[in-house]
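Have a look at the structure below before the remarks.
Basis for what follows: all heavy atoms, side chains included, without hydrogens, waters or symmetry-related copies. Lettering follows sequence order; numbering is per chain, from 1.
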2 protein chains.
Amino acid sequence: MIRVGINGYGTIGKRVAAAVRAQPDMSVMGVAKTRPNHEAMTAVDNGFDLYAAIEERRPRFGEAGIDIDGDVEALVAQSDIVVDACPSGIGAENAAMYREHDTPALLQGGEDADAVDASFVSRANYDSVEGADLVRVVSCNTTGLSRLIAPLAESYGIEKVRATLVRRGGDQAQSGRGPINDILPDPVALPSHHGPDVNTIFPDLAIDTLGLKVPATLMHTHSINVTLESSPDAERVRDLLAGERRLFVIPEWLGLDGAGAIRELAGDAGRPRGDVWENCIWGESITVEGRDLYLFQAIHQEADTVPENVDAIRAVLGTAGAAESIRRTDEAIGLDAALTGSRT
Amino acid sequence: MIRVGINGYGTIGKRVAAAVRAQPDMSVMGVAKTRPNHEAMTAVDNGFDLYAAIEERRPRFGEAGIDIDGDVEALVAQSDIVVDACPSGIGAENAAMYREHDTPALLQGGEDADAVDASFVSRANYDSVEGADLVRVVSCNTTGLSRLIAPLAESYGIEKVRATLVRRGGDQAQSGRGPINDILPDPVALPSHHGPDVNTIFPDLAIDTLGLKVPATLMHTHSINVTLESSPDAERVRDLLAGERRLFVIPEWLGLDGAGAIRELAGDAGRPRGDVWENCIWGESITVEGRDLYLFQAIHQEADTVPENVDAIRAVLGTAGAAESIRRTDEAIGLDAALTGSRT
């Protein structure tokens with residue numbers, strides 16, 4: 001049984017905690033939180049031991065009527081590995097603590113690639129992180145791009161990727177984020193950080209990315225062009241992608257016109273928090289002109305790296321190979337119950 | 001066992017179907033849908049028998065690979081009662097079919113009060129609908145107002161209610177609805193229909209309502225003023241409301257600043273689809289100036305009438321009294337596991 005500590009119980013941490021708990025070969029030793037709020041409350045209600053991430057603030061939990069099991073160092077000490085899901089930048093600050101306890105840790109995609117030994121996407125470089133001390137599970141967008149790039153590169157070869165990332169402004173509960181009525185080139189100067197970030201996974205890939213932010217909270221949407229080294233017809237590409245785990249090729253008859261409908265389907269299918277772990281690729285959008293492949297895909301920014309975090313635990317500790325881990329992760333969280341059932 | 005048919009499996013129908021199935025004294029005989037889409041698919045995936053709401057369109061389900069168990073009339077014929085959750089106006093058109101089969105039916109709040117024998121809110125007039133043929137479970141806003149008005153009227157007497165309803169423009173998947181960047185007085189001329197609609201529940205209540213629409217999808221928010229006939233202090237009002245079922249008085253320390261955070265909490269608490277069945281009243285907003293009570297409450301438009309639909313089944317068929325039905329409904333769907341746990 002792999003003993004997993006979760007430092008940070010926000011958007012990513014709470015989802016990873018639930019996904020880890022669902023794995024038969026893993027056990028959540030506890031979760032750490034900086035302050036008592038509704039997420040601290042549901043951590044306890046969901047049966048997780050709760051640790052104070054900042055020792056000085058520990059009394060505030062008691063004042064709110066929330067029991068604390070100890071400070072975060074105690075959590076790290078009893079864990080075989082820690083998933084750090086703290087806000088961007090804090091993960092790198094925590095690295096010294098993990099090293100002190102000789103405990104490997106997974107950081108999230110908001111941390112600099114320089115701060116870690118390796119970056120990780122299950123489908124692309126699972127085998128490369130075994131034994132690493134600090135591994136970065138790359139961001140939602142980089143994960144979504146990498147899952148798509150891997151099978152295309154293997155089957156057809158890739159000359160160049162060009163991607164426009166139309167990103168949600170904030171998550172559902174982030175009431176302070178914008179824009180509220182604009183379409184922001186972000187950053188205005190090319191490339192956005194996403195291309196170089198994908199190069200932490202595929203070092204030799206030619207990729208240019210452009211980013212924008214819009215008033216939306218549900219998912220990001222990517223407009224993708226991949227210049228291939230061969231010219232498959234669109235049907236073959238569609239079948240290739242539909243045969244991949246964690247890629248959901250949306251059939252037209254489902255009537256999913258945008259992120260709202262996709263998240264609605266996920267909620268109707270009983271997914272926790274209406275989460276979508278897969279890339280959602282509109283089947284009708286898959287088009288090949290010469291060697292140029294085009295498609296749209298939507299990425300649920302809060303959820304798509306969750307299965308990758310689970311896989312990264314096994315990858316770092318060397319307890320399972322890539323295919324086995326991906327299958328186990330997906331079965332345990334219910335990703336195998338594809339959103340389209342058996343009717344695609 | 002009460003045999004319940006659900007005609008319409010959209011926003012309300014799918015939620016009512018799940019809530020009815022959770023009741024030990026009820027059984028869902030099937031659900032009817034006009035066309036194959038992602039909701040028809042999840043109806044089948046969730047184990048409901050599926051009926052075609054429009055006979056001529058039945059072949060389209062087969063073309064999409066979805067099995068149909070019959071036409072809606074067959075569903076009505078085998079049901080003791082039907083919950084009609086069709087779009088506004090269709091429910092009234094369906095009334096003739098229900099009468100023909102001598103099957104009582106519940107319509108939703110989008111139908112005219114004139115089209116039915118009685119309007120219904122569990123907390124206010126449960127006992128008045130026994131034996132009725134056609135009952136209207138009033139709209140989300142009217143339900144939310146009525147749940148608040150009932151205890152205030154009983155405890156303090158009400159001289160007048162004045163309410164401004166800041167309404168969401170559309171639901172999550174309604175990508176065609178607006179506004180996208182405006183605040184629309186809607187309707188501009190007073191009163192909005194909500195006040196008269198509340199009078200279908202409280203005929204003698206003095207109430208004026210104003211409605212607006214804003215670019216939001218998660219919940220409505222009401223700004224409420226109630227001129228009472230006495231002058232309780234705010235703490236007493238707060239305790240009164242916190243002691244009511246289906247009213248969730250939000251404590252400050254939870255850090256819930258808006259609908260996004262409330263829905264996030266509901267998802268974290270494991271509520272299906274992140275649903276909030278309760279009125280969400282900000283505790284800090286409860287203020288009394290002389291006899292004037294003020295507060296803000298948020299209403300999840302997709303969910304708050306769901307427990308009322310379940311209660312209305314028992315109320316119409318006379319199988320349980322109000323208090324017993326409300327308790328049974330809430331226990332079966334998990335509403336009793338209040339969002340704040342035991343720490344308020």
Part of B:Asn46 lying under 4.5 Å from any heavy atom of chain A |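 For B:Asn46, the contact with chain A is made by the side chain alone.
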Counting only heavy atoms closer than 4.5 Å, note whether B:Ile262 contacts chain A via side chain, backbone, both or neither.
->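 Contact with chain A: none, neither part.
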Most contacts with chain A, counted as non-hydrogen pairs under 4.5 angstrom, among B:Ser175, B:Ala18, B:Gly258, B:Gly255 |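 Max contact count across the listed options: B:Ser175.
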Choice from B:Gly274, B:Ala43, B:Ala261, B:Ala259 maximising heavy atom contacts with chain A below 4.5 Å =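 If we count pairs closer than 4.5 Å to chain A, B:Ala261 comes out on top.
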Mind checking which of residues 49-62 of chain B sit less than 4.5 Å from chain A, heavy atom to heavy atom?
->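 Contacts with chain A: none.
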Please say which of A:Lys14, A:Gln174, A:His38 ends up in a side-chain hydrogen bond (donor to acceptor under 3.5 Å, both in side chains) with B:Glu264.
->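 For B:Glu264, the side-chain hydrogen bond (donor to acceptor under 3.5 Å, both in side chains) test succeeds with only one of A:Lys14, A:Gln174, A:His38, which is A:Lys14.
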Considering residues, nucleotides and ligands other than B:Arg35, do more than 12 of their heavy atoms fall under 6.0 Å from its CZ?
->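 It does not: B:Arg35 CZ has 12 such atoms or fewer within range.
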Atom CZ of A:Arg21: over 12 foreign heavy atoms under 6.0 Å =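 Enclosed: over 12 neighbouring heavy atoms sit under 6.0 Å from CZ of A:Arg21.
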Non-hydrogen side-chain atoms of A:Leu265 and B:Glu39 separated by less than 4.5 Å =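 Result no, sub-4.5 Å side-chain heavy-atom pair not found.
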List the steps and the verdict of side chain to side chain contact (heavy atoms under 4.5 Å, CB included) for B:Ile66 and A:Trp253.
-> CA-CA 11 Å; B:Ile66 294 187; A:Trp253 70 270; 3.8 Å; yes
Which residues from residues 295-305 of chain A are near chain B, with near meaning under 4.5 Å between non-hydrogen atoms?
->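 Listed by number, the contacting residues are A:Glu302.
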Side chain to side chain contact (heavy atoms under 4.5 Å, CB included) evaluation trace for A:Asn37 with B:Leu254 = CA-CA 5 Å; A:Asn37 69 352; B:Leu254 282 179; over 6 Å; no
When rounded to the nearest 0.5 angstrom, what is the spacing between CD1 in A:Ile180 and CG in B:Asn181?
->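 Interatomic distance, A:Ile180 CD1 to B:Asn181 CG, rounded to 0.5 Å: 6.5 Å.
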